[in-house]
Amino acid sequence: MSLIRVDNMVKHFPVRGGVLNRIVGKVHAVNGVSFRIDEGEVLGVVGESGCGKSTLGKLIIRLIESTSGEVHYDGTEITHLGHNDMLPFRRRMQIVFQDPYSSLNPRLTVNALLKEAIVFHSIVPPSEVESHIDKLMAKVGLRPDQKNRFPHEFSGGQRQRIGIARALALNPDFIVADEPVSALDVSIQAQVLNLMMDLKDELGLTLLFISHDLKVIEHFCDRVLVMYLGYVVEEMNCLDIHGEARHPYTQALLGANPVNDPDEDRELTVLEGDVPSPFSPPKGCPFVTRCPLVESRCHEEMPPLVEKTKGHRVACWAVE
Amino acid sequence: MWTYVVRRLLYNVPVYLGIIALMMAMLRVRNPVMMFLGKSATEEQIADLTERIGLARPFFFQYLEFLGQVFTLNFSQESWQQPGKTVGDLLSDAIVPTLWITVPSLIITAGIAIAVGLVSAFFRGRALDKSLVLVATLGMCISYLVYIIFGQYFGAYKLNDALAGEGPFDGKLFAIESWEPGFPGNWIHFCLLPVIINVVVAMGYDTRFYRAVMVEESTRDYITTAKAKGASKRKVMFVHMLKNAMIPIITRVMTTLPFLFVGSVLLESYFNIPGMGRELLTAINELDFPVTQTFTAVFAALFIVTNVLTDVLYALVDPRVRLS
Amino acid sequence: MILKALRSRGARKFRQNRLAMFALGVISVYGVVALLVALGGIRLEETFERVSRNSIPGAWGSQTSEKRVNDAEEYLEEIESALDNEEHLEYRFAERKLVDLPVEELVERVEESWEIWDELADVSNVDEHPELLVKLDEVEERIDALFAPLEGVDGWMYAFRTYLGTDRQGRSITVRAVYSIKLAIQVGFIVALAATLLGTLLGAAAGFFGGWIDGLVIWLYSTFSAIPVLIMLMVLVTIFIDTPYEGTLVPLYVSMMLTFWIGPCRVIRGEVLKLKELEYVQAATSIGFGRFYILVKHLIPNTSHLMFINFSLLFIGAIKNEVILTFLNLGVKNQPSWGTMINQSRQEVINGFFWQIGAATALMFGLVWAFNIVSDALQDSFDPKHVS
């Protein structure tokens with residue numbers, strides 16, 4: 001049984017306007033997304049800005065409440081739990097944020113920040129709290145004697161490590177990593193990614209790894225969801241992605257990665273056209289405005305996410 | 001844009017209704033009839049006055065009636081302290097002197113403060129800027145009253161002694177007190193000194209604010225672009241900085257209106273000018289309920305009207321609002 | 001919370017601002033003086049005590065000859081009457097008593113002084129007659145000799161009392177001005193603290209919870225702020241007429257608290273709206289903390305710099321408004337304050353007597369200036385977008 005099961009997750013954000021500030025429309029952030037994550041697996045979510053991947057991550061751990069849809073964690077349906085019932089699950093599901101500069105409370109020392117969470121969930125008896133914190137610091141590659149410093153006294157990469165330490169502090173099973181390295185310099189990205197990989201292996205974590213960078217996903221994840229405008233358009237394992245990707249959007253993403261050899265002959269799918277607005281999505285497949293394989297059917301109906309081969313699902317009329 | 005304006009109007013109406021309700025409630029915390037008539041009042045007097053002003057009726061009725069009066073500009077209530085004169089009479093008499101003081105103050109203060117702020121921002125960090133800021137800061141630390149007292153002393157008493165009895169008004173340039181209509185002679189004699197005092201007091205606050213606004217504009221990238229394109233200093237200052245700073249400037253000018261009211265109460269009391277501020281102060285001190293109630297409602301209405309005007313000006317000046 | 005704030009980057013920047021630290025020192029001095037006064041350093045009765053003749057200038061001032069002649073006359077008349085009624089032992093101006101000599105001796109001295117004074121009595125312009133000026137000096141010396149010389153502590157105390165002169169009722173300006181420090185600090189502190197706390201709580205709740213709470217708070221402060229502050233203050237103070245609180249500080253506290261809370265409320269609400277979108281707030285939610293806990297433990301401490309800034313601004317506002325309200329007859333009536341001093345000095349200024357208004361203005365200036373500098377520095381240090 002999967003650790004996480006997401007059924008038909010939908011999230012619409014209301015938009016207000018007009019004279020009386022009524023709701024005049026909705027931003028369709030996430031449209032009917034379903035998938036599973038097995039224990040120990042790393043699932044990647046890739047897509048451009050505004051495709052709903054961050055929203056999806058937050059919906060799963062109920063940082064945002066869904067418009068409709070369900071999330072099952074380890075067999076239990078958690079979407080409608082009350083605050084107190086949710087607490088044990090919250091401990092098991094943690095998140096690492098993208099921006100190292102706003103993800104840590106500037107008023108709290110690292111020690112205070114970690115202690116607060118640890119004590120709240122009684123992870124270890126009070127006498128062991130300090131040593132638990134020291135171990136956490138060491139685990140993410142920071143010196144324990146730095147724990148009484150404030151966030152502004154650390155560099156971006158170090159802050160991200162602190163964020164990881166916070167996520168690990170409650171001994172979770174599942175972590176959502178929301179673009180954890182996008183805001184870091186490239187050289188630091190590698191360090192932090194390696195750290196996360198080591199931790200995942202050591203602690204047996206299940207991860208949802210969100211990024212806009214397909215290269216990182218390929219390197220890091222077992223499987224990937226490709227999202228476009230709130231829909232999942234393709235789901236497959238990462239090993240085969242270069243050869244087996246079917247959806248035109250996925251192929252375009254693959255082609256968009258620069259390759260080391262400038263003379264290498266590659267067939268590139270260059271997308272033309274504009275991204276439609278999530279406020280008023282077109283009828284049918286949202287990719288119609290840019291798709292090189294568009295047919296008349298695409299304007300009428302949204303293609304369903306269908307399993308083509310084992311573990312590989314695609315949503316496209318042109319792929320039959 | 002018009003949706004925006006309509007929305008602002010609709011928003012301000014309940015606010016005004018709320019103010020009137022609040023104000024009426026505040027004035028009725030203590031029984032106004034008892035307070036005015038004092039301890040020696042007879043039962044008859046109390047009943048009579050309560051009846052006349054309608055104080056015995058439920059609050060909601062009084063509220064609606066009063067609102068109706070305000071909106072139809074019906075000010076026929078009689079003043080308690082000055083029977084025979086209606087509130088409307090007092091209002092119309094008092095409005096003129098107040099306007100003669102507040103409007104010129106507003107214009108002059110805005111003009112000078114914006115100019116000084118612009119200059120200060122432009123020479124930011126240099127000696128001129130530093131001294132202007134210093135003077136402004138120092139000026140803000142002295143009470144309004146002290147300015148009035150010294151202003152009257154030097155501007156009226158001392159100056160009159162120096163001019164010693166030549167020309168109109170027996171050579172007194174500025175009157176020590178009171179007021180008579182007329183322009184320009186009477187205005188200079190009775191109003192100019194209060195206006196000057198008001199301007200001097202407001203200068204400290206306003207200059208610092210406008211300077212901050214200008215400095216913030218000057219750090220923006222488009223100013224650097226303008227300079228890089230070779231625009232002259234004058235063009236940068238007036239065409240670029242000033243235009244874009246208009247929005248906060250307008251807001252500020254509009255929001256200093258209540259401050260003008262403070263000034264008007266003090267100046268009018270001190271210089272014995274029969275304006276709205278002094279009338280209201282007298283009414284409050286003498287517990288003249290109808291006058292207090294109506295004047296406060298009028299002041300609040302002016303305030304709301306100013307707010308809406310500010311919003312409309314915003315809409316005209318800010319293309320982002322105009323085109324939305 | 002305060003200790004944590006002191007270690008933050010903003011606090012360090014503030015500490016490096018020498019002018020601001022100096023201003024903070026100035027405020028502390030005022031605070032210490034206020035405390036000493038409150039603990040009995042200057043009792044209220046002392047501020048109403050006559051210490052000398054009326055409208056005496058301060059230590060480096062001078063008087064007209066006409067006034068000196070008048071003052072001398074008053075002294076002689078009073079002392080004579082006291083000796084006649086055998087009240088001479090009670091006749092005193094603070095520490096200054098009549099010299100310890102038998103009554104007959106004193107009466108004789110008074111007579112001698114009268115003789116000299118009589119020569120000055122009807123002269124219209126003493127200044128034009130140098131020999132009369134000499135006589136005036138002599139009369140004053142003799143009067144001075146009627147009083148016991150002041151030694152030691154008494155001497156210091158009396159010098160302190162007369163250092164800045166007396167007002168039109170002969171009361172010590174210095175004593176009143178220093179006493180007013182206590183009053184100013186008291187009013188400023190209580191009003192600023194109460195209004196800041198009230199405004200912060202309402203603003204934070206409104207910004208964080210949104211919904212009807214936000215709507216209510218916005219409506220409240222829009223309504224309150226639509227009546228000019230001064231009118232609100234005036235109307236609120238009148239509510240207290242004919243109650244035992246009239247003329248005390250209570251109407252001031254209540255009226256200012258109910259009008260000043262708006263400033264902090266707006267600012268804190270805006271800041272909380274901004275902060276609640278930040279990721280560390282989301283992180284707190286993901287850990288499972290309740291909303292109230294997040295508001296109080298995470299959000300409000302991150303607005304503390306704004307609380308301090310507003311506190312200083314409101315402190316200044318309280319002091320200034322006390323002055324204005326007292327002028328309008330709606331302020332403090334039973335104690336001296338800078339407002340009462342400035343108000344009473346109106347007549348004096350017309351006669352060219354600046355001591356009372358000078359003392360009150362100078363002391364007020366010091367405190368207000370210090371708070372202005374501190375609030376500027378706080379904004380500089382903590383608000384990255386602030387223009388200095």
Side-chain angles (χ1 to χ4, degrees), chain B residues 11-12 14-19 21-23 26-27 29-30 34-35 38-39 121 124 137-138 140-146 148-150 152-153 157-158 176 208 211-216 219 257-262 265-266 269-270 277 280-281 284-285 287 292 295-296 299-300 303-304 307, chain C residues 218-220 222-243 258 316 319-324 326-330 338-339 342-343 345-346 348-352 354 357-358 360-362 364-373 376 385-388:
Chain B
Y11 169 77
N12 275 302
V15 173
Y16 188 66
L17 295 180
I19 298 167
L22 180 70
M23 184 264 300
M26 283 201 304
L27 288 174
V29 170
R30 305 281 303 281
M34 302 289 294
M35 297 237 288
K39 301 201 177 75
R124 180 186 185 191
T137 314
L138 294 179
M140 275 166 46
C141 302
I142 300 178
S143 172
Y144 202 134
L145 270 187
V146 174
I148 295 181
I149 294 177
F150 278 115
Q152 193 195 51
Y153 179 67
Y157 286 105
K158 278 286 172 181
I176 289 170
R208 274 167 53 114
R211 176 185 171 279
V213 166
M214 302 291 184
V215 167
E216 177 148 354
T219 57
L257 269 136
F259 179 74
L260 284 179
F261 170 74
V262 171
V265 172
L266 295 177
S269 308
Y270 208 87
L280 180 57
L281 177 66
I284 290 181
N285 266 323
L287 304 171
T292 310
F295 269 60
T296 313
F299 271 115
F303 200 95
I304 295 285
N307 277 350
Chain C
I218 291 185
W219 179 81
L220 266 178
S222 304
T223 311
F224 270 80
S225 64
I227 308 182
V229 173
L230 195 55
I231 302 192
M232 280 279 282
L233 291 177
M234 297 199 298
V235 171
L236 283 168
V237 169
T238 9
I239 292 181
F240 290 92
I241 291 186
D242 281 339
T243 64
L258 290 177
I316 298 174
I319 298 179
K320 287 182 148 186
N321 275 295
E322 183 270 317
V323 172
I324 293 179
T326 306
F327 165 73
L328 297 175
N329 242 326
L330 297 166
W338 290 329
I342 293 178
N343 201 17
S345 69
R346 292 164 63 178
E348 299 170 357
V349 171
I350 293 174
N351 295 324
F354 298 126
I357 196 176
T361 305
M364 184 174 136
F365 177 88
L367 190 57
V368 172
W369 174 86
F371 265 107
N372 261 321
I373 297 290
D376 272 352
K385 286 184 292 186
H386 178 68
V387 171
S388 63

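Naming: A, B, ... by sequence-line order, numbering from 1 per chain.
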Exercise. Should B/S269 and C/F327 be marked as a side-chain contact (heavy atoms from CB on, under 4.5 Å) after you check the CA-CA gap, both sets of side-chain angles, and the distance that decides it?
Worked result: CA-CA 10 Å; B/S269 308; C/F327 165 73; 4.3 Å; yes
Problem set entry | C/L330 and B/N285: CA distance, side-chain angles, deciding distance, side-chain contact (heavy atoms from CB on, under 4.5 Å) verdict | CA-CA 8 Å; C/L330 297 166; B/N285 266 323; 3.9 Å; yes
For this session: Take B/Y144 and C/V323, measure what side-chain contact (heavy atoms from CB on, under 4.5 Å) needs, and give me the verdict at the end.
Result: CA-CA 9 Å; B/Y144 202 134; C/V323 172; over 6 Å; no
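Among all heavy-atom pairs drawn from C/V368 and B/C141, the shortest one is CG1-CA, 3.7 Å. The two residues B/G18 and C/T223 have their closest heavy-atom pair at C-CG2, 3.4 Å. Across C/S222 and B/Y11, no two heavy atoms sit closer than the pair OG-OH, 3.0 Å. Contact record, C/F240 with B/R30: C-NH1, 3.8 Å, taken as the closest heavy-atom pair. Nearest heavy-atom pair across B/M140 and C/K320 is O-NZ, 2.6 Å. Taking both residues in full, the closest heavy atoms of B/P14 and C/W219 are given as O-NE1, 3.6 Å, listed atom of the first, atom of the second, then distance.
Listed options C/N372, C/I241, C/N329 were ranked by heavy-atom pairs under 4.5 angstrom with chain B; first place goes to C/I241. Most heavy-atom pairs under 4.5 Å with chain B: of the set C/W338, C/F354, C/F224, this distinction falls to C/F354. The greatest number of non-hydrogen atom pairs below 4.5 Å with chain B, out of C/I316, C/L328, C/I319, is found for C/L328. In terms of non-hydrogen atom pairs under 4.5 Å with chain B, the most contact-rich of C/T361, C/I350, C/I342 is C/I350.
Interface remark: C/I357 contributes side-chain atoms only to the contact with chain B (heavy atom separation under 4.5 Å). Heavy atoms of B/F150 lying under 4.5 Å from chain C belong exclusively to its side chain. Heavy-atom distances place no part of C/L220 under 4.5 Å from chain B, backbone and side chain included. If you measure heavy-atom distances from C/S225 to chain B, the contacts under 4.5 Å come from the backbone alone.
For the atom pair CD1 of B/I148 and CZ of C/R346, the computed distance is 9.0 Å after rounding to the nearest 0.5 Å.
By the 4.5 Å heavy-atom criterion applied to side chains, B/M23 and C/V235 are not counted as neighbours.
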